[in-house]
Colleague: 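Quick one: structure below, then a few questions.
Each chain gets a letter, A, B and so on, in the order its sequence line appears, and its residues count up from 1.
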Amino acid sequence: MDIAVVDRSAVSGNSTLHGAATGAKLIAFSLVLAAVVVSTNLFVVLTITIVLLAAVAALRLPARSMLPLAAYPAVFAAVFAFASAPDALAASLIIAKAVTAALASVTLMFTTPYPQVFAALQRVTPGLVGDTLLMTYRAIFILADKLGDLTRAVRLRSGLSTGHPVRAARATTRALGGLLLYSLDLAQREYDVLVLRGYSGRLRVALRPSRSRAADSAIIVVAFMLLCLAALWRIYWIRLISYSWILLAVALVGLGVALASRRRT
Amino acid sequence: MALRSQTPDHIHPDDPTAEEVVRISCVRHTYEDGTSVHLCGLDFVAHRGKRVAVLGPNGAGKTTMLYHILGLLKPQEGAVSVFGVSPAEQWATIRRRVGVMLQNVDEQIISPTVGDDVAFSPRQYGLPETEVRERVNRVLKLLGIEELADRVPHNLSGGEKRKVALAGALVMDPELLVLDEPFEGLDPTSRQGLLDLLEHLSHERGMTVVLTTHDIDAVPEFADYAYVLAPGGTIALRGTPAEVFANAKVLADGNIKPPILAELFSRLRERDASAPEMALTIEDAAEALEGWKRRSLLPETPQ
Amino acid sequence: MALRSQTPDHIHPDDPTAEEVVRISCVRHTYEDGTSVHLCGLDFVAHRGKRVAVLGPNGAGKTTMLYHILGLLKPQEGAVSVFGVSPAEQWATIRRRVGVMLQNVDEQIISPTVGDDVAFSPRQYGLPETEVRERVNRVLKLLGIEELADRVPHNLSGGEKRKVALAGALVMDPELLVLDEPFEGLDPTSRQGLLDLLEHLSHERGMTVVLTTHDIDAVPEFADYAYVLAPGGTIALRGTPAEVFANAKVLADGNIKPPILAELFSRLRERDASAPEMALTIEDAAEALEGWKRRSLLPETPQ
Amino acid sequence: MSHIHIPDGVLPVWLWLGGWVVAAAIVWLASARSGGVDVRRKVPLVGVMAALMLVAMSSEIVPIAYHINLTVVAGVLLGPQLSIVAAFVVQVVLALLGHGGVTVIGLNTLMTASEMLFGWMLFRGLITVLGPRRVGLASGVATVVTLALATTMLVGLVAVSGVGAATVRETGALDPQNLTFAAPFSDSIFSVGLFSGGERSSSPAVPVRRFATIVYTLGPLGWLIEALVTAAVLSYIARVRPSLIFEGALTPARQALPGDEHGRH
Ligand SMILES: Nc1ncnc2c1ncn2[C@@H]1O[C@H](COP(=O)(O)OP(=O)(O)OP(=O)(O)O)[C@@H](O)[C@H]1O
Ligand SMILES: Nc1ncnc2c1ncn2[C@@H]1O[C@H](COP(=O)(O)OP(=O)(O)OP(=O)(O)O)[C@@H](O)[C@H]1O
Ligand SMILES: [Mg+2]
Ligand SMILES: [Mg+2]
């Protein structure tokens, strides 16, 4: 998980989503999240997943970097589901919800430079919470980067001893302890630098003008429709449950079209 | 307080009325693991418009000293004053006037593009966007890195990152520029460019520059004053570069080799007592050597 | 494969049978953002027991080149061979023979104390604990940092960290030492110490050293061969330091200033055509200059 | 332990809404009293700890259906005010990743935060009694006691809400009667919504007493693991970075690392 990959996609991409207003994307993101949260129907959640995937495909976002990141929570969700879900379907639902929420956030972060996102969030959260959210985001990447550096250093310098599992384990725990401390220092210094350079709890960013109002509205409308569907299926689920497959089928067709159009050009 | 002890030797030698921008008096910092840095001995003073180099062996306390100037560490003893205030307590009131580059530039890059990163401070200070753009373009041009503007800073090479960090430090036209080992990782041409730029900034705009460096050969060309830290942080020596490099004993204690030209001249003197006085820039050295040779020709009875 | 094109000019000039430890033939690496480094033009070769310096402007591709030698990047075109195998594919078989120091040493620290960090490789290779201790003590002493053994590496100063990283690279007595800008951040005495150490290691133990540096003045003293990368990665020049620094044009293209002494001599020549040939170490220079002056005295009718 | 994984729509409205209101109030309070530079300088620490708790809480040790929480570690390092903020941030992100619903964020924030506060208070108390050299012991004891208290709170919550205990995920919720893991969803909206009849008002599947038996007999295993991890992490930090743990009245006589006694002067 390399922050440079996220940053590069966010700033150098040229898709409709990249061009949309940050505000519109944040609203759409919240709507999609709400849809995932209220939904209790696996088919509905999968529909949202597929709509998001279709968007990724159609807009030519860097799926190769995004999908592993979005799938990362699936690992944890799967363990969670395995330990707690009564049956396979419920387990799939748990995993699908985690992955879909993650996919939505990844899509947002890959199409919007992070200062834009956090500047907006900090406007609506109490000071310390907004500040902490920003540093939590950075810290996740600091931890991941340091873990990457650590594994690279281990590979370069000798690898872990296969013949001496105890030594390897000892070295590993020590290294992780050091990693924690080092990440703390790094986060501290990063924050110090922010402050040295003028930050005082509120990021300020240049307004990114929206490329097209129509696209902004379209994004919000699609997200809102997803939320409506999710809500409908949640409220009238008894009547609608046998029609769930229709949603999925429509979404799949959409994905197919997106993939086909991508291949043609 | 130590701040008041303005002994005459701290008055600016050329201009007694020159404003003191930075003063450090006998500051001690003990890190948690017990390592103690005691910046004492002489006071460290930087006057407006002067370029001051801090030299010293690894681990002497140069970075620690700069952290005190930046208010990142709070003096446990002694006093630090920058623009007349204590930076640890009132950093917010002076930070607009100070530009910073830390030793490890990786830690200093904040934003996802070079352009945004350089624009970080002006935006935070609320300058209008057109002015932000204009400042960013100007400073990128000054450092010759316009073509990096849209790149992602994490992906740059070591030297490129350093230039980006420097651009971020310069963009607000600070009155005080604090640089920790700015020449490391720069190729010789960029290094020369930076030397020229710093000279220009301090002469034209009266910018005060405090930097640490191990690049001894650049010091005579760059610095108006040099301070030498001994291990443990003691400020052992102060003076113009020529004065400092004449003090071989303290330098040797401080793990500092004299510049190549200084060494060349002292070798020459060992071989031939008539060799000229030490010259520390290439131009002067060439002139001195040529003069030496010419003089030896003229009156056919020198020795 | 390009590896087979051993044109005569790659045979070791002094010793045609000398073993090639590293060879890079026309490697291209395109980073994800499209930045492309094409290490082509000449082949890069390092022979056993030789010290090879890689020079080039910021962003030329020096670090990229070392990453290929270390198998951290896989050539998308061309071939790399280290000890006769491809490092990207068979790193595990050769890593015991290779010692590494990266440009940003922070990325290289593994363990929470200096002693453990230096002991990391020998422990993982399963050496008995007494030998591990003995090796660690020896290498810490070699670098003069015994007193750091129990410190936490992240808390060290920049130069101290670099020495620790170097100790970690040397502790297994590697046959090939790969160093990315090892002199940056070191004080002049440590720098000189490192130069002497590298010379000792390559002469006594036949260690091959490949390093990148911007410290031009150290190159004549250090390197048996120097390679110059032009922007974009093109390997533009190869030769002994004297050969390389005589090639002003390519150097200027590569943002490389000649060493101070080289410049001094060319200034002297401009002023006085009788000035001596370029000398690149202080000793030689002093001798040449003194000779020049003396000669001008002797026959009273030189010009 | 530090939070409950309950999907939305299970808890009575008064409970979860009350949780939200109280949580919002204390988060607002914590954030409002944060103008000081000293608090702000700790934000990077909060960020790193939040990131670490996220990783820990979202990965589960399967055989005992338990995950490390690091709440006591974080509580000790952050102190009360920052703990509240960290707890809130962590719960928001966890909810987005599907660990429990959005409605329970309020309650979960309260639970996590109070666990961090308990841990912090107990640790401080024990350190004053045992002396600053017994960090490992103090933190181990503090962890066990804290978790026991938190478990009791959980039991109380279950009793109050009238929710089937099986919908509550907690430490080692292995059902000793049929040797299966307690299944939070078997009794709730997930299974019903997907496959069967209506959204029943969930009648407690397991009586509170039996739930308590399960938790108190099997929980201690989880507490022990957590205590070991906490003790290891905190003793390490106390050794290399004591100021993170000790400040003000707790400052111990300077502990030099071996080899540093002579310092460098
Ligand atoms: N965070 C820290 N914790 C403990 N000790 C530290 C810390 N930072 C620096 N030190 C120690 O303080 C002393 C001074 O360090 P400092 O970084 O100021 O040196 P420096 O003069 O900048 O050296 P260099 O030239 O190598 O950068 C060193 O002995 C170093 O090990
Ligand atoms: N991870 C990366 N992603 C994208 N581009 C990169 C990456 N790493 C390096 N580059 C680019 O590749 C080129 C070569 O970089 P490299 O780090 O090899 O240069 P270098 O010669 O080591 O420079 P320096 O002297 O500044 O260290 C530069 O233009 C750099 O911006
Ligand atoms: Mg330093
Ligand atoms: Mg490099």
Colleague: Restricting to non-hydrogen atoms, name the atom on C/L264 and the atom on B/A285 that form the minimum distance, rounded to 0.1 Å.
Modeller: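 Looking at all heavy atoms of both residues, the shortest contact is CD1-CB, 3.8 Å.
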Colleague: Is it the backbone or the side chain of C/T189 that comes under 4.5 Å from a heavy atom of chain B, or both, or neither?
Modeller: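 Contact with chain B is through both the backbone and side chain of C/T189.
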Colleague: Is C/N104 reaching over with its side chain to a backbone N or O of B/D106, donor-acceptor style, under 3.5 angstrom?
Modeller: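 A pair under 3.5 Å: no.
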Colleague: Picking from B/D180, B/D217, B/L289, B/T212, which has the most non-hydrogen pairs under 4.5 angstrom with chain C?
Modeller: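 When all of B/D180, B/D217, B/L289, B/T212 are compared, B/L289 has the most.
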Colleague: Go through the atoms of C/I216 and report whether side chain, backbone, both or neither lie under 4.5 Å from a heavy atom of chain B.
Modeller: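 The side chain, not the backbone.
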Colleague: Let's test your reading of the structure: which of C/L55, C/N155, C/T35 forms the most heavy-atom pairs below 4.5 Å with chain B?
Modeller: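 Option with the top pair count is C/T35.
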Colleague: Determine the option with the most heavy-atom pairs under 4.5 angstrom with chain C, choosing from B/E160, B/K62, B/E283.
Modeller: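 Looking at each of B/E160, B/K62, B/E283 in turn, B/E283 comes out on top.
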Colleague: Is chain B contacted by the side chain of C/L261, its backbone, both, or neither, given a heavy-atom distance below 4.5 Å?
Modeller: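 The answer is the side chain of C/L261.
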Colleague: Using 0.5 Å steps for rounding, measure from the OH atom of C/Y31 to the CZ atom of B/R151.
Modeller: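 One gets 10.0 Å once the value is rounded to the nearest 0.5 Å.
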Colleague: Taking atom CZ of C/F183 and atom CG of B/D215, what is their separation to the nearest 0.5 Å?
Modeller: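 That separation rounds to 13.5 Å.
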Colleague: Of the non-hydrogen atoms in C/A286 and B/R271, which two are nearest, and what is the gap between them?
Modeller: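 What the structure gives for the nearest pair is CB-NE, 3.9 Å.
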Colleague: Of C/K161, C/K163, C/R162, which is the lone residue that meets side chain to side chain contact (heavy atoms under 4.5 Å, CB included) with B/N58?
Modeller: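 Per the side chain to side chain contact (heavy atoms under 4.5 Å, CB included) rule, the option paired with B/N58 is C/K163, out of C/K161, C/K163, C/R162.
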Colleague: Can you tell me which of C/G159, C/G56, C/G185, C/G59 forms the most heavy-atom pairs within a distance under 4.5 Å of chain B?
Modeller: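 Most heavy-atom pairs under 4.5 Å with chain B: C/G185.
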Colleague: Does B/D196 CG have over 12 foreign heavy atoms under 6.0 Å away?
Modeller: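 Check passes, neighbour count above 12.
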Colleague: Mind ranking C/L156, C/L186, C/L268 by heavy-atom pairs under 4.5 Å with chain B and telling me who comes out on top?
Modeller: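 Heavy-atom pair counts peak at C/L186.
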Colleague: Side-chain contact test, heavy atoms from C-beta onward, threshold under 4.5 Å: evaluate it for B/R267 versus C/E287 and give yes or no.
Modeller: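 No; the side chains remain at least 4.5 Å from each other.
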Colleague: Which bit of C/E290 comes within less than 4.5 Å of chain B, counting heavy atoms only: side chain, backbone, both or neither?
Modeller: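 Its backbone and side chain both get close to chain B.
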Colleague: Under the side chain to side chain contact (heavy atoms under 4.5 Å, CB included) criterion, do B/R191 and C/H214 qualify, and how do the steps go?
Modeller: CA-CA 10 Å; B/R191 201 172 287 214; C/H214 293 299; 3.8 Å; yes
Colleague: Does any heavy atom of chain B fall under 4.5 Å from the side chain of C/T213, the backbone, both, or neither of them?
Modeller: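 Neither the backbone nor the side chain of C/T213 comes within 4.5 Å of chain B.
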Colleague: Let me know if C/Q192 has heavy atoms under 4.5 Å from chain B in its side chain, its backbone, both or neither.
Modeller: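 When you check distances to chain B, only side chain atoms of C/Q192 fall under 4.5 Å.
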